[in-house]
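Below: the structure, in structure tokens.
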Amino acid sequence: MKASKGIVEILLNIIGISSLIALSACVQPAESPTATVPPITPTPTATIATQNLAELAKSAASQGQFQTLIRAVQAAGLTEQLAKPGPYTIFAPTDAAFSVLPKTTLDQLLQPANKQQLVKLLAYHVIPGGIASQQLTSGQVKTIEGSPVQITVDRASNSITVNNAKVTQPDIPASNGIVHIVDQVLLPPNFPSSLKTTPTPR
């Protein structure tokens, strides 16, 4: 899917109805095999969440976690969107996950010239609805970026992967969604290997 003004508008519209991670209590699966999502019900083990996704992210960043993700959200201009009603499900890469990316790629993504690509990247980490780990099933699920992610659930080993990223900590509740921590950054299909470089001011 081409990164363009349309992506930003679609993201903000979906997010406007909610936020950086789509809205719609039903996940619309893509192609076979299909990942079905049962009606959204509270997770029995989940505590009542009083913080929204923006507050949760800010709190995590203040403790030295997800600082790169927060920088990316700020650079994309999506901070306020995270506070809007959901629910959304976010697959949140850790700082260690971002550190695997080439430093030049990360630095370029955070530049204003690549804002649309950054929005595209972040949107690929979000699916509509607040979906707990026990509700996830194997198959493809469409993200708000427009492309699907491949979810693989192995109940025998109690593991969940999203594309090639492993969910290392599931079911972190927020008042407007759920966060599942992943150990890799998810790259959308056809994501450019080279990005625009903002000239250094002289």
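The analysis underlying the following values was restricted to heavy atoms, covering all of them including side chains, and did not include hydrogens, waters or symmetry mates.
- Within the 3.5 Å criterion, the main-chain N or O of Thr161 finds no donor-acceptor partner in the side chain of Thr152.
- Thr89 contributes atom OG1, which lies 14.0 Å from atom NE2 of His125 (distance to the nearest 0.5 angstrom).
- Rounding to the nearest 0.5 angstrom, the gap separating the CG atom in Leu109 from the NZ atom in Lys115 is 14.0 Å.
- Considering every non-hydrogen atom in both Val179 and Ala92, the closest pair reads CG1-CB, 3.7 Å.
- No donor-acceptor pair under 3.5 Å is formed between the side chain of Gln117 and the backbone N or O of Asn114.
- Sorted by first then second residue, the ring pair (Phe, Tyr, Trp, His ring centres under 6.0 Å) pairs that include residues 134-161, not counting sequence neighbours, number zero.
- Shown here are the side chain to side chain contact (heavy atoms under 4.5 Å, CB included) partners of Pro188, two or more places apart in sequence or in another chain: Lys120, Leu121, Tyr124, Glu145, Phe191.
- When every heavy atom of Val185 is checked against every heavy atom of Pro93, the shortest pair comes out as CG2-CB, 4.0 Å.
- A donor-acceptor contact shorter than 3.5 Å is absent between the side chain of Asn176 and the backbone of Pro87.
- In this structure, Asp107 places its CG atom where more than 12 heavy-atom neighbours from other residues, nucleotides or ligands lie under 6.0 Å away.
- Partners of Asn158 according to the side chain to side chain contact (heavy atoms under 4.5 Å, CB included) rule, which considers only residues two or more places apart in sequence or in another chain, do not exist here.
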| said: One pair to check against side chain to side chain contact (heavy atoms under 4.5 Å, CB included): Ser133 and Val167. What are the steps and the verdict? | reply: CA-CA 9 Å; Ser133 60; Val167 174; over 6 Å; no
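- You'll find the side chain of Val141 stays beyond 4.5 Å of the side chain of Pro148, heavy atoms only.
- Atom CD1 of Ile127 sits about 10.5 Å away from atom CD1 of Ile144, to the nearest 0.5 Å.
- Side-chain polar atoms of Ser157 and Asp154 form a donor-acceptor pair below 3.5 angstrom.
- Considering all non-hydrogen atoms of both residues, Ala76 and Leu122 come closest at CB-CD1, 3.8 Å.
- For Arg71 against Leu110, the heavy-atom pair with the smallest separation is NH2-CD1, 2.9 Å.
- Applying the side chain to side chain contact (heavy atoms under 4.5 Å, CB included) rule to Asp183 yields the partners Ala165, Lys166, Thr168; only residues at least two apart in sequence or on another chain are considered.
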| query | Passes side chain to side chain contact (heavy atoms under 4.5 Å, CB included), Leu136 versus Ile131? Steps please. | reply | CA-CA 7 Å; Leu136 290 170; Ile131 307 169; 3.6 Å; yes
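- Residue pairs meeting the ring pair (Phe, Tyr, Trp, His ring centres under 6.0 Å) criterion with at least one member in residues 135-181, sequence neighbours excluded: Phe91-His180.
- Scanning for side chain to side chain contact (heavy atoms under 4.5 Å, CB included) contacts around Thr94 gives Phe66, Ala96, Ala97, Ile181, with sequence neighbours left out.
- With Gln150 contributing its side chain and Val162 its backbone, the two residues share no donor-acceptor pair below 3.5 Å.
- Atom CG of Leu106 and atom OG of Ser99 lie 9.5 Å apart (nearest 0.5 Å).
- Not one N or O on the side chain of Asn163 forms a donor-acceptor pair closer than 3.5 Å with the backbone of Val149.
- The two residues Leu118 and Ala72 come nearest to each other via the heavy atoms CD2-O, 3.3 Å.
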